[in-house]
Peer 1: 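Okay, here's the structure, questions in a sec.
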Amino acid sequence: MPKPFDPVAFFTGATEGRGELRELLGKPKKTSAQSVGRVDKDGWLVLDQKVLVEGDPVRQRRWRLKQVAPGKYSGTLSDAKGPVEVEVRGQTVRIRYVMKGNIKVEQTLTPLPGGRAVINRGTFKKFGMKVALLKEQIDKR
C-alpha cells in the first residue's frame with residue numbers, strides 16, 4: 001500500500017497549476033497558478049501563489065500551513081476569512097476554508113502516478129448551493 005500523500009513535500013519548491021473554472025452563470029474560464037513553497041524555521045509551509053483567472057486581474061496570495069496532528073494541518077490563506085483545515089486520507093488531501101463573501105471552498109487533491117502532479121477539484125458554495133467548480137492539474141517543476 002502506498003504511503004500517505006505528503007502535501008508539504010509536494011508543495012515545497014515550485015509548482016504550476018493549469019485548469020478551468022466553471023461558474024454557475026457564465027462561460028468557463030482558464031486558470032493558472034504559479035507557486036513557490038518553503039518550510040520556515042518554525043515548521044510552517046509557506047506557499048506564495050500568483051493566480052490568474054481569465055478576465056480577472058492577477059492575484060497574489062499566501063498559504064501558511066502547519067501539521068497539528070497525524071494527517072491534519074491547519075493554517076491561513078490570505079484571501080480566506082477564517083482558518084484553513086487540511087486532512088490527508090491515504091492518497092487524497094481535502095482542503096476546506098471560507099473565502100470573503102462567505103463562499104465555502106472544498107478542494108480535493110489526488111496525486112497522479114509518478115508523484116509529480118496532482119489533480120485539484122474545487123467546489124465553491126454560497127448559501128449551500130454550488131456556484132463554481134474548479135478542475136486543475138498541478139505539476140511539480
Peer 1: Return yes if some donor-acceptor pair links the side-chain N/O of Q137 with the main-chain N/O of E16 below 3.5 Å, else return no.
Peer 2: no
Peer 1: Please name all residues satisfying ring-ring contact (aromatic ring centres under 6.0 Å, His included) with F5, sequence neighbours left out, ordered by chain then number.
Peer 2: F10
Peer 1: Do any N or O atoms from the side chain of K125 and from the backbone of E106 form a donor-acceptor pair under 3.5 angstrom?
Peer 2: no
Peer 1: I want to check something: taking the side chain as every heavy atom from C-beta on, are D48 and Q60 in contact at a cut-off of under 4.5 Å?
Peer 2: no
Peer 1: Could you tell me whether a side-chain N or O of E54 sits under 3.5 Å from a main-chain N or O of K29, the two making a donor and an acceptor?
Peer 2: no
Peer 1: Under 4.5 Å between any side-chain heavy atoms of D139 and T15, yes or no?
Peer 2: no
Peer 1: State yes or no: are the ring centers of W63 and Y73 separated by less than 6.0 Å?
Peer 2: no
Peer 1: Whether the side chain of K50 engages the backbone of S32 through a donor-acceptor N/O pair (distance < 3.5 Å, no angle test) should be reported.
Peer 2: no
Peer 1: What distance do I95 atom CD1 and L109 atom CG have between them, rounded to the nearest 0.5 Å?
Peer 2: 4.0 Å
Peer 1: At what distance, to the nearest 0.5 angstrom, does NZ of K104 lie from OG1 of T123?
Peer 2: 13.5 Å
Peer 1: Would you call E23 and F124 a side-chain contact if the rule is heavy atoms closer than 4.5 Å?
Peer 2: no
Peer 1: Can you tell me how far the CG atom of L112 sits from the CD atom of Q91, to the nearest 0.5 Å?
Peer 2: 11.0 Å
Peer 1: Mind checking whether R64 and D40 have side chains closer than 4.5 Å, heavy atoms only?
Peer 2: yes
Peer 1: Using a 4.5 Å cut-off on heavy atoms from C-beta on, say whether the side chain of K72 contacts that of Q67.
Peer 2: no
Peer 1: Does any non-hydrogen side-chain atom of K81 lie less than 4.5 Å from one of N102?
Peer 2: yes
Peer 1: Closer than 3.5 angstrom, by distance alone: can the side chain of K126 be matched with the main-chain N or O of G101 as a donor-acceptor pair?
Peer 2: yes
